[in-house]
Amino acid sequence: MSKPTLTITDNRTGRTYEIPITNGTIRAMDLRQIRASSDDFGLMTYDPAFTNTASCQSSITFIDGERGVLDYRGYAIEELAEKSTYLETAYLILNGELPSRSDLLGWVHAIKHHTLLHENIKKLIDGFHHDAHPMGMLIAIVGALSTFYPDAKNIFDREVRREQIVRLIAKVPTIAAFCYRHSAGLPYAYPDNDLTYTGNFLNMFFKMTELKYSPNPVLERALEVLFILHADHEQNCSTSAMRSVGSSQVDPYAAVAAATAALYGPLHGGANEAVLRMLEQIGSVANVLSFIARVKQGEGRLMGFGHRIYKSYDPRAKIIKQMADRVFEVMGRNPLLDIALELERIALEDEYFVSRKLYPNVDFYSGLIYQSMRITVDMFPVMFAIPRTVGWLTQWEEMIEDDEQKIARPRQIYIGHARRPYVPLDER
Ligand code: ACO
């Protein structure tokens, strides 16, 4: 007879416990009742890096890593990438449903009317060196926005929350573009409300002396698709940082700054930059075999390969790879593409990568497209942070509205010294 429970026998005591199974999960707190003695704290689970622990219930993004499936709110990423726009997808992620025509107009209007930055932000940007990494600048400036909008700390007021969400989605591209213009020594280009979200980003990035910037429609659409693909990815490192930091009830600017910092790392959103630098370092197709051999010997990783969740081809990488050709038609073929294709070909046949189920992830081809679009390499992680902002904020809001959530506070297994007497300096 089948029953949705788990029976555990504690061999230390001979006692048996029956624990409910819901959604293929047991509650860690149900283990606490399992004690070897009356002064025993109770059983805990040990899960470094949270490889088998669900930290929340969520209805935003679904991933089936074995089958390479990614859905936002029940819509397949492939369909959204083909038919939607970034702002429509952002609305879907945030609100759970696709917008009506009038809802979409209102949403796009709201975002477009919050793209400007307080002029003091420019002074902050001016304080950075010309070669400051734009991710470091983005983290600092998003964090600083917290001081411009002190009202944002009212996180339990839905209207206040929504206002900050609109501000962040609208302002992060402006901050990103201004950081680039600062490092390039170019004057800041202000937002143009006539353009789409991505068209305006290209305007703020590339506008020179022309009175009106017209984005290339192929590049504008490519950016739109890249932004859709990066909008959310459930409980990854930066989203967990967002939820964890946000659980202290800090304002969303501080929490997004923390999430951005988590994204910066080369094992996460910094990987697209690392891929490009790796391809440049390999230099030519002839060097691919020896590079792979070094990776297999443990000398570094094949950046842009492997994923904690995907154990088949990352569906986002598939779409990006197909889209790359359209960008190359406009901008010319990226010479590093041949190295990337050869790396992928060899890795997908090699026992080391096959047995570990290592496939290209979202970062493997995105950098090649960004580079072809003339976006500078150190901007790549920033290009990831812009669209992910909506994912972070939606996950943060879901956490705030979830009665089960409280301040994130994992346990530890203490393996250090037992209490001992202080040793005076002369006696050490
Ligand atoms: N190159 C070579 N070997 C790899 C790679 C890689 N890119 N990724 C994993 N492996 C190997 C590991 O060495 C390990 O081998 P072992 O079992 O012999 O020790 C095995 O595959 C499993 O790897 P883990 O590190 O345990 O896998 P984990 O789930 O912790 O890591 C991660 C996932 C961080 C993405 C990893 O695959 C990686 O470092 N990839 C390169 C960086 C990258 O592209 N990051 C972007 C991910 S997508 C994103 O964040 C948006």
Side-chain angles (χ1 to χ4, degrees), residues 47-53 61 63 65-66 68-70 72 77 135 226-242 259-282 288-321 336 339-340 342-370 377 379-392 395:
D47 189 10
F50 307 116
T51 53
N52 196 38
T53 297
T61 292
I63 303 176
E66 296 298 326
V69 169
L70 169 60
Y72 299 151
I77 193 70
M135 261 318 242
L226 283 161
F227 280 9
I228 290 170
L229 299 180
H230 286 85
D232 191 51
H233 211 236
E234 51 116 311
Q235 309 313 315
N236 54 78
C237 178
S238 56
T239 303
S240 300
M242 180 79 196
T260 310
L263 188 74
Y264 190 5
L267 296 190
H268 192 14
N272 53 12
E273 179 178 351
V275 169
L276 233 285
R277 302 211 186 278
M278 173 188 77
L279 295 175
E280 281 168 352
Q281 186 203 332
I282 294 171
V288 166
L289 262 180
S290 60
F291 180 81
I292 294 233
R294 287 208 301 278
V295 168
K296 285 161 62 177
Q297 280 160 13
E299 290 175 40
R301 290 194 161 195
L302 179 49
M303 300 311 286
F305 256 70
H307 199 276
R308 172 63 61 74
I309 308 289
Y310 292 119
K311 298 303 166 200
S312 64
Y313 215 102
D314 181 335
R316 301 167 298 173
K318 238 184 236 169
I319 298 169
I320 292 177
K321 194 177 170 189
L336 296 175
I339 302 174
E342 182 66 356
L343 268 178
E344 180 186 338
R345 189 187 68 75
I346 295 178
L348 292 182
E349 287 172 358
D350 191 294
E351 201 276 330
Y352 176 95
F353 295 91
V354 173
S355 64
R356 289 170 178 79
K357 299 189 175 173
L358 301 172
Y359 292 86
N361 60 48
V362 68
D363 292 315
F364 193 65
Y365 286 106
S366 61
L368 288 174
I369 299 188
Y370 286 136
V377 177
M379 280 296 291
F380 293 0
V382 174
M383 300 303 291
F384 194 147
I386 296 170
R388 183 54 61 85
T389 301
V390 72
W392 289 331
Q395 298 272 352

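Numbering of ligands and ligand atoms starts at 1, following listing order.
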Heavy atom of protein inside 4.0 Å of [atom], strictly below:
| atom | answer |
| --- | --- |
| atom 4 (C) of ligand 1 | yes |
| atom 28 (P) of ligand 1 | yes |
| atom 50 (O) of ligand 1 | yes |

* Asked: Considering only heavy atoms, which of His268, Arg308, Arg301 lies nearest to atom 25 (O) of ligand 1?
  ->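 Considering heavy atoms of His268, Arg308, Arg301, the nearest to atom 25 (O) of ligand 1 sits in Arg301.
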For [atom], the protein heavy atom that lies nearest, with its residue and separation:
| atom | value |
| --- | --- |
| atom 17 (O) of ligand 1 | Arg356 NE, 3.9 Å |
| atom 10 (N) of ligand 1 | Leu358 CD1, 3.7 Å |
| atom 42 (C) of ligand 1 | Met303 CE, 3.5 Å |
| atom 35 (C) of ligand 1 | Gly306 O, 3.6 Å |
| atom 2 (C) of ligand 1 | Val295 CG1, 3.6 Å |
| atom 48 (S) of ligand 1 | His307 CD2, 3.6 Å |
| atom 40 (N) of ligand 1 | Phe305 O, 2.9 Å |

[X] (side chain) donor-acceptor with [Y] (main chain) under 3.5 angstrom:
| X | Y | answer |
| --- | --- | --- |
| Asp47 | Asn52 | yes |
| Asn236 | Glu234 | yes |
| Ser238 | Thr260 | no |
| Asp363 | Gly304 | no |

Proximity to ligand 1 by part of [X], non-hydrogen separation under 4.0 Å:
| X | result |
| --- | --- |
| Leu267 | both |
| His233 | neither |
| Val275 | neither |

Can you check whether [X] reaches [Y] side chain to side chain, under 4.5 Å on heavy atoms?
| X | Y | result |
| --- | --- | --- |
| Met383 | Leu226 | no |
| Leu368 | Leu279 | yes |
| Lys321 | Phe364 | no |

Looking at every heavy atom in both [X] and [Y], which two are closest together, and how far apart are they?
| X | Y | result |
| --- | --- | --- |
| Gly306 | Leu358 | CA-CD2, 3.6 Å |
| Ala231 | Tyr72 | N-OH, 3.3 Å |
| Ile320 | Ser366 | CG2-N, 3.8 Å |

* When the ring planes of Tyr370 and Phe380 are compared, do they come out parallel, tilted or perpendicular, using 30° and 60° as the limits? ->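 Tyr370 and Phe380: tilted rings.
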* Would you call the rings of His268 and Phe384 parallel, tilted or perpendicular if under 30° counts as parallel and over 60° as perpendicular? ->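 Because their plane-to-plane angle is over 60°, the rings of His268 and Phe384 count as perpendicular.
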* Asked: Looking only at heavy atoms of Asn236, does any of them come nearer than 4.0 Å to an atom of ligand 1?
  ->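 Per 4.0 Å heavy-atom rule, Asn236 does not contact ligand 1.
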* Asked: At a 4.0 Å cut-off, with the gap strictly under it, does some heavy atom of Phe364 reach an atom of ligand 1?
  ->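 No.
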Does [X], backbone or side chain, put an N or O under 3.5 Å from an N or O of ligand 1?
| X | result |
| --- | --- |
| Arg316 | no |
| Asp363 | no |
| Leu302 | yes |

With a cut-off of 4.0 Å, which atoms of ligand 1 are near a heavy atom of [X]?
| X | value |
| --- | --- |
| Phe384 | 51 (C) |
| Gly304 | 43 (C), 44 (O) |
| Ala271 | 43 (C), 44 (O), 45 (N), 46 (C) |

* **Phe50 CZ: over 12 foreign heavy atoms closer than 6.0 Å** =>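 Open.
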